[in-house]
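Dropping a structure here in structure tokens format, bear with me for questions.
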Amino acid sequence: MNRVGWAAAGPAAGLRGVTGGGGGGHDPGGNGAAAAAPRPEDSGPITKAKMRLVLDGVTKDTGAQPNDPKWAAENAGSSSPLGACSVIYKSFDAAASTLDLHQTNALAAALTGRGWTETKKRDARKAPDGTVREVEAVFKKRGWTIVMDHYLGLHDQMLSLIAWEDACMKKAGGAEYTTPSS
């Protein structure tokens, strides 16, 4: 083979090892169809469908009330451009007379256990009598933000997890939501 032939064959031969061609260790049949390595469970882009699974999973795993079906139906019909960027879980517990801080801590632990970073120290707001009335926390992961708000109202305890894709939110005109300050 002449110099030009070797020059062309060199890079091609190198690529055969990278792509699995030529009977490499990943292709026992030697037909160039190397098996793709499975993607780690928590990799790739986070889609709204994946985010729905995250919110439903952490709430179920921690024993939270199910997503309120009436509220979910109303939210699904929203025509807001910001709604296209977000996934929301919301539940109401009319039987609660105190805020369940164990629930709040369990949700935070479930999110951080799934690789979310708590980027804002949990903010616990107290009533004049010293009881905790609201806890808010912010979590981030791979271009998404989740705001957890656990609130004790006059008639019920409300838990919400509002997740949004940061770039989508900025594009839709909700840039002020991408870095919550409260």
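Because the structure is predicted, anything quoted here is derived from the model rather than measured. Basis for what follows: all heavy atoms, side chains included, without hydrogens, waters or symmetry-related copies.
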Check whether any side-chain heavy atom of Ile146 sits under 4.5 Å from a side-chain heavy atom of Val138, and report yes or no. no
Counting distance only, does the side-chain N/O of Trp144 pair as donor-acceptor with the main-chain N or O of Ile46 below 3.5 Å?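 Judged by distance alone, yes, a pair lies under 3.5 Å.
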Please tell me if the side chains of Val54 and Lys50 come closer than 4.5 Å, counting only heavy atoms from C-beta onward.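 No, every pair of side-chain atoms sits at 4.5 Å or beyond.
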Closest non-hydrogen atom pair between Pro45 and Arg142, with its separation: C-NH2, 4.3 Å
Can you confirm whether more than 12 heavy atoms, excluding those of Phe92, are under 6.0 Å from its CZ atom? yes
What distance do Ser160 atom OG and Asp68 atom CG have between them, rounded to the nearest 0.5 Å?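 The CG atom of Asp68 is 12.0 Å from OG of Ser160, to the nearest 0.5 Å.
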Criterion side-chain contact (heavy atoms from CB on, under 4.5 Å) against Phe139, the qualifying member of Val147, Thr117, Thr112, Leu107: Thr112
Would you give the length of the straight line joining atom OG1 of Thr104 to atom CG of Leu159, rounded to the nearest 0.5 angstrom? 7.0 Å
Could you measure the distance from the CE atom of Met148 to the CG atom of Asp123? Nearest 0.5 Å is fine. 11.0 Å
Who pairs with Asp93 by side chain to side chain donor-acceptor pair (under 3.5 Å), at least two apart in sequence or on another chain? none
State whether Glu136 and Lys120 are salt-bridged, where the test is any N-O pair (Lys NZ or Arg NE/NH1/NH2 against Asp/Glu carboxylate O) under 4.0 Å. yes
So how far is it from Met51 CE to Ser86 OG, rounded to the nearest 0.5 Å?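 Result: 10.5 Å between the selected atoms.
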We want to know whether Thr145 and Lys140 form a side-chain donor-acceptor pair, criterion being a heavy-atom distance below 3.5 angstrom. yes
Drop me the distance from Trp116's CH2 to Leu111's CG, to the nearest 0.5 angstrom.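 Separation between the atoms: 7.5 Å.
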Roughly how far, to the nearest 0.5 Å, is NZ of Lys171 from CD of Glu165? 10.0 Å
Side-chain donor or acceptor of Asp129 paired with backbone N/O of Thr131 under 3.5 Å: yes
If hydrophobic clusters are built by linking Ile, Leu, Val, Met, Phe, Trp and Tyr wherever their side-chain heavy atoms come under 4.5 Å apart, do Leu53 and Tyr89 end up in the same one? no
Examine distances only and state if a side-chain atom of Gln103 and a backbone atom of Thr62 form a donor-acceptor pair shorter than 3.5 Å.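 Side chain of Gln103 to backbone of Thr62, a donor-acceptor pair under 3.5 Å: yes, one is there.
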Between Gln65 and Ser91, what is the shortest heavy-atom contact and its length?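 Between these two residues, the closest heavy atoms are CB-CB, 3.7 Å.
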Under 4.5 Å between any side-chain heavy atoms of Tyr151 and Val135, yes or no? no
Side chains of Met158 and Asp149, heavy atoms from C-beta outward: is any pair under 4.5 Å?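 Met158 reaches Asp149 side chain to side chain.
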May I ask you to say whether Asp56 pairs ionically with Arg52, meaning some side-chain N is under 4.0 Å from a carboxylate O? yes
Taking the side chain as everything from C-beta on, heavy atoms only, tell me whether Arg114 gets closer than 4.5 Å to Val58. yes
Contacts of Glu134 meeting side chain to side chain donor-acceptor pair (under 3.5 Å) (sequence neighbours excluded), chain-then-number -> Arg125
Determine the minimum heavy-atom distance between Arg133 and Gly153, stating which atoms define it. NH2-O, 3.8 Å
Is there a side-chain contact between Leu161 and Lys90 (heavy atoms, below 4.5 Å)? no
